[in-house]
*Asks:* 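Below is a structure I'd like to ask you about.
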Amino acid sequence: MPPPQHRGASRRRRRAAVLGTSQDDGSPEPAGPPPTAVTGIVLDTAPHLLVVGTVDDEVRLAMAPDTAVWHGGRGGSALLRPGHQVIVRPREGRAVRDGAAARGVRVADRVWADIGRVTGTILACGKDGVDVDMGPHRGRTRVEIPPRALGRILVRHPRLEPGYLIDVICVRTPGGPLAVHPGTSQPGYRADDLASPRVAAPVPSVLRGTATWFDGRAVDGEGAAYPAVDPEGDAGGCVDAPSGCVAFPYLSIGSEVSVHNECTGRAAPVPIVECGCVAARYCDRCVECGASPRGRIVELTPALFAGLGGDLESGCFNAAIRPLPGGARRRFYPVDRSSAGAVPEGAAAW
């Protein structure tokens, strides 16, 4: 049996022969990778300098007077401590008054320390927290909700009850995630009561909706979780994944999509690294720059989300995505229209 990448290339050739190559549909083209976000552990910090230990190296970043730091709330460099896990978005421009850029040191624009997120279905509620099923790829966790955060969360998550969805931004602590504020508004339906799109709903060439982020520590490298990964064969999808409220095309792990942040204008090619079956349950909107169409169309790893201009504590940005034709990582799966291989309701083959 040929390896998966060879089978994917064969499928691409067959698809191009039958359907032809894709035409320009006016959707945004990725200009290249987004500005690289730095992820790692704080080794040292000072009012004007941040030293981060990454997997491969030690990175020094200048801290400007207006560099924003988040650690359960916004502040300055005084919030940072050695040992914090950080995600740093460098500034696009290198101008800084102390001349750091002239010495080849990048300038930090935003720094997030020990930020986490819990998204999924509520299993049980206690006096000071909730147990959450985050899906088959991310397991279960208990998130503590302190009294100071409870009021803010209840405003946008009025039903902290088993069976309902939850999405909260957290600070990671040795004792587990500590909720700070809601990531988005809670959908008004139970997790198992999502209305699917019409079977005959057309699949658009460009999907528009909400982009969010997920922890990403369990996946290999930076990339995206996609809500409609093909469950057939070795494509990597979940057999019992919900169809969601968007008419998605089926893709596979390793496919590439163009992700465009419609709030900042940044775009980049992004590989699919996980099945985003939990995201398919959220039929909500992002209102970062106007109201997006309903539905979460992609979840990004934190560094990619930040690199595309998203603010991690805000939770989302309005996005447009489309599969990239001809990419080395993309695979197409022809759909068997027989009863054994029929497309599940709400999904379609690209």
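Position 1 is the first residue of the sequence; numbering continues from there.
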*Asks:* Within this structure, what is the CD1-CD1 distance for the pair I145 and I153, rounded to the nearest 0.5 Å?
*Replies:* 4.5 Å

*Asks:* Is there a path of hydrophobic side-chain contacts, each under 4.5 Å between heavy atoms of I/L/V/M/F/W/Y residues, joining V229 to I321?
*Replies:* yes

*Asks:* Starting from the C-alpha separation in whole Å, work towards a yes-or-no answer on side chain to side chain donor-acceptor pair (under 3.5 Å) for D57 and T54.
*Replies:* CA-CA 5 Å; D57 204 354; T54 68; 6.0 Å; no

*Asks:* Is any side-chain N of the basic residue among E161 and R190 closer than 4.0 Å to the acidic one's carboxylate O?
*Replies:* no

*Asks:* To the nearest 0.5 Å, what is the distance between CG (D230) and CD1 (I253)?
*Replies:* 10.5 Å

*Asks:* Would you tell me whether C286 and C316 have their SG atoms within less than 2.5 Å of each other?
*Replies:* yes

*Asks:* Can you tell me if Y282 uses its side chain to pair, donor with acceptor, with the backbone of R294 under 3.5 Å?
*Replies:* no

*Asks:* Can you name the nearest heavy-atom pair linking G307 to R266, along with the distance?
*Replies:* O-NH1, 2.8 Å

*Asks:* Say whether, by atom type as modelled, one donor and one acceptor occur between the side chain of R159 and the main chain of L154 under 3.5 angstrom.
*Replies:* no

*Asks:* Calculate, to the nearest 0.5 Å, the distance between atoms CG and OH belonging to D193 and Y164 respectively.
*Replies:* 8.5 Å

*Asks:* Check whether W213 forms a cation-pi arrangement with R117 (NZ or CZ under 6.0 Å from the six-membered ring centre, at most 45° off the ring normal).
*Replies:* yes

*Asks:* Output yes when D284 and R296 qualify as a salt bridge under the 4.0 Å nitrogen-oxygen rule, no when they do not.
*Replies:* yes

*Asks:* Working to the nearest 0.5 Å, report the span between CD1 of I166 and CD1 of I122.
*Replies:* 4.5 Å

*Asks:* Nearest 0.5 Å, what's the CD1-CD distance between I169 and E313?
*Replies:* 8.0 Å

*Asks:* Taking the two cysteines C263 and C289, do their sulfur (SG) atoms come closer than 2.5 angstrom to each other?
*Replies:* yes

*Asks:* Go through the steps for S258 and R322 under the test side chain to side chain donor-acceptor pair (under 3.5 Å), then give the verdict.
*Replies:* CA-CA 5 Å; S258 166; R322 71 170 179 179; 5.1 Å; no

*Asks:* Please report the C-alpha distance between D167 and T119 in whole Å, then the side-chain angles of each, then the deciding distance to 0.1 Å, and finally whether the side chain to side chain donor-acceptor pair (under 3.5 Å) criterion is met.
*Replies:* CA-CA 4 Å; D167 183 358; T119 304; 3.2 Å; yes

*Asks:* With the threshold set at 4.0 Å, does a side-chain nitrogen-carboxylate oxygen contact exist between R138 and D215?
*Replies:* no

*Asks:* Would you call R81 and D114 a salt bridge, taking side-chain N to carboxylate O under 4.0 Å as the test?
*Replies:* no

*Asks:* Could you walk me through whether R172 and Q85 pass side chain to side chain donor-acceptor pair (under 3.5 Å), step by step?
*Replies:* CA-CA 9 Å; R172 291 200 297 265; Q85 294 185 346; 2.3 Å; yes

*Asks:* Please check if the side chain of R152 supplies one atom and the backbone of H181 the other of a donor-acceptor pair under 3.5 Å.
*Replies:* no

*Asks:* Taking NZ, NE, NH1 and NH2 as the nitrogens, is one of them in D66 or R110 under 4.0 Å from a carboxylate oxygen of the other?
*Replies:* no

*Asks:* What's the separation between atom CZ in F305 and atom CD1 in I87, rounded to the nearest 0.5 Å?
*Replies:* 10.5 Å

